[in-house]
Amino acid sequence: MPTLKNDRFLRALRREAVDVTPVWMMRQAGRYLPEYRATRRKAGSFMSLCQDPELACEVTLQPLERFPLDAAILFSDILTIPDAMGLGLYFEEGEGPRFKHPVTDEAAINKLTVPDPGDKLRYVTDAVSLIHRELDGRVPLIGFSGSPWTLATYMVEGGGSRTFSHIKAMMFNRPDLLHKMLGVLADSVSVYLSAQISAGAQAVMIFDTWGGSLSPGAYREFSLSYMSQIVSKLKSDPATCDIPVILFTKGGGQWLEAMADTGCDALGLDWTTGLSDARARVGDRVALQGNIDPCVLYASPDKIREEVGNTLASFGKGNGHVFNLGHGIHPEVNPDHAAALIEAVHTLSRPYHQ
């Protein structure tokens, strides 16, 4: 394994000293980059792009050619696991991900099994291996998965939802069925992330996109408990125990203490929770990742710099901060504005580490 030339990101996750605050951006490989759009056209479809390891590698590396980022993140989708379960993932223009065979009854849940990462998800681990090799120690590589609850919402709803009426009906009427489904998904995510780590991922992140749609009790029962199982499995396995795990629940700022109790290494924050408040609540138990509003990137470079300064000041001096957006970068963002953000983070954060 090549020696890392830039290990700021991993050092920050371990709450160790760094020279400047490391920065990467959720969806940093994406539609705001013209080179990504060109590769996407070459692939023919989003899923074709995800399932071609060489093209997935190409787009993963594209933002690193433009910007001095401190980490790369695998280009893939959070819904690869249910697709490998046979649900038939596809993307409708303007509507996002959809499934041809949503999970609508007990019989469908009983058929769910843990996908073999070496079979129907081999294209993901092949991409991780290729990206890791091509990075050659330049920066660490992040692997990821959707959380069990988030995967289940898409699987039951058949796609995105504003009300989550189908899965919440199951949650209230047949919690036993939902727990059975979430158990299979937790096992699947654990195996999937372990396979990414074996292939070369140096940190992993669990995206709980829809955890914030739940009440406090439901969040703990149907989302957090299953993420906790995944963290426990990764941390108890000698092959994965040293790999940092980041948990990110969008809209989950009220549950940071409980999230930190899982044994994860870092918590991702969206922009609705202040870094200073989060740091006061969780102390030095975990690192914090975030959390500037992605829409700041529509502002002028001077305003972006000002907002970066405010975010850095909110965390304050000390270790354990990874700078990121509070959610994914928007497709209409000017790449020059992303460059301004990254430059501002590296420049303005230096005094916080002296």
Side-chain angles (χ1 to χ4, degrees), residues 4-30 32-33 62-73 138-140 142 203 205 244 246 248 253 256 265-284 286-330 332-354:
L4 273 174
K5 302 175 182 71
N6 176 354
D7 66 350
R8 286 176 188 141
F9 170 68
L10 296 182
R11 292 181 65 84
L13 292 181
R14 295 192 296 260
R15 302 181 303 285
E16 296 173 356
V18 292
D19 56 338
V20 297
T21 301
V23 55
W24 69 278
M25 300 180 295
M26 286 186 271
R27 294 188 191 145
Q28 63 189 24
Y32 75 106
L33 294 177
Q62 283 172 349
L64 276 78
E65 298 305 317
R66 272 187 180 258
F67 313 123
L69 292 154
D70 296 299
I73 183 166
R138 187 168 163 188
V139 294
I142 306 166
M205 184 163 169
I246 308 164
F248 173 61
L256 297 182
D265 300 276
L267 299 178
L269 303 177
D270 67 19
W271 61 94
T272 62
T273 300
L275 281 165
S276 58
D277 177 55
R279 193 177 184 189
R281 288 164 57 191
V282 301
D284 61 359
V286 292
L288 296 174
Q289 178 176 276
N291 68 330
I292 202 165
D293 187 334
C295 289
V296 164
L297 291 173
Y298 293 128
S300 69
D302 286 346
K303 182 62 177 176
I304 291 169
R305 189 178 182 87
E306 178 186 337
E307 292 297 326
V308 165
N310 292 339
T311 302
L312 291 167
S314 181
F315 185 87
K317 289 192 174 185
N319 307 318
H321 181 207
V322 174
F323 199 102
N324 207 317
L325 309 178
H327 202 241
I329 191 168
H330 296 306
E332 305 85 5
V333 163
N334 182 337
D336 291 343
H337 289 202
L341 179 137
I342 294 160
E343 191 277 332
V345 172
H346 285 155
T347 302
L348 298 178
S349 66
R350 193 170 295 277
Y352 291 98
H353 300 286
Q354 293 175 349

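Predicted, not measured: the structure shown is a model, and the values here were computed from it.
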Could you check whether any side-chain heavy atom of [X] comes within less than 4.5 Å of a side-chain heavy atom of [Y], counting everything from C-beta outward?
| X | Y | answer |
| --- | --- | --- |
| Ile292 | Ile304 | no |
| Val296 | Thr311 | no |
| Pro301 | Asp336 | no |
| Gln28 | Leu64 | yes |
| His327 | Phe248 | yes |
| Thr347 | Arg305 | yes |
| Val139 | Leu69 | no |
| Phe315 | Arg279 | yes |

Inter-residue atom distance [X].[atom1] - [Y].[atom2], 0.5 Å rounding:
| X | Y | atom1 | atom2 | answer |
| --- | --- | --- | --- | --- |
| Asn319 | Leu13 | CG | CG | 12.0 Å |
| His337 | Ile342 | NE2 | CD1 | 13.0 Å |
| Glu307 | Leu341 | CD | CG | 10.5 Å |
| Ser300 | Asn334 | OG | CG | 11.5 Å |
| Trp24 | Met205 | CH2 | CE | 5.0 Å |
| Asn291 | His321 | CG | NE2 | 6.5 Å |

Work out which heavy atom in [X] is nearest to a heavy atom in [Y]; give both atom names and the distance.
| X | Y | result |
| --- | --- | --- |
| Pro294 | Gly328 | CB-O, 3.7 Å |
| Pro244 | Leu10 | CG-CD2, 4.2 Å |
| Val286 | Val282 | CG2-CG2, 3.8 Å |
| Ile246 | Gly268 | CG2-N, 4.0 Å |
| Arg350 | Gln354 | O-CG, 3.4 Å |
| Asp265 | Arg15 | O-NH1, 3.9 Å |

Intermediate values then yes/no, side-chain contact (heavy atoms from CB on, under 4.5 Å), Tyr32 and Arg27: CA-CA 9 Å; Tyr32 75 106; Arg27 294 188 191 145; over 6 Å; no

The test is side-chain contact (heavy atoms from CB on, under 4.5 Å); show your working for Ile142 and Phe9 and say whether it passes. CA-CA 10 Å; Ile142 306 166; Phe9 170 68; 3.6 Å; yes

What residues form a side-chain contact (heavy atoms from CB on, under 4.5 Å) with Ala313, not counting sequence neighbours? Tyr352

Looking at residues at least two apart in the chain, or sitting in another chain, which of them share a side-chain contact (heavy atoms from CB on, under 4.5 Å) with Arg8?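 Arg8 satisfies side-chain contact (heavy atoms from CB on, under 4.5 Å) with Asn6, Val18, Asp19, Val20, Pro22, Asp70, His346 once adjacent residues are dropped.
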
Start with the C-alpha gap between Leu269 and Leu256, add the side-chain angles, then the distance that decides, and say whether side-chain contact (heavy atoms from CB on, under 4.5 Å) holds. CA-CA 9 Å; Leu269 303 177; Leu256 297 182; 3.5 Å; yes

Which salt bridge (charged side-chain N to carboxylate O under 4.0 Å, His left out) pairs, counting each pair once, include a residue from residues 267-277, with sequence neighbours left out? Asp277-Arg281

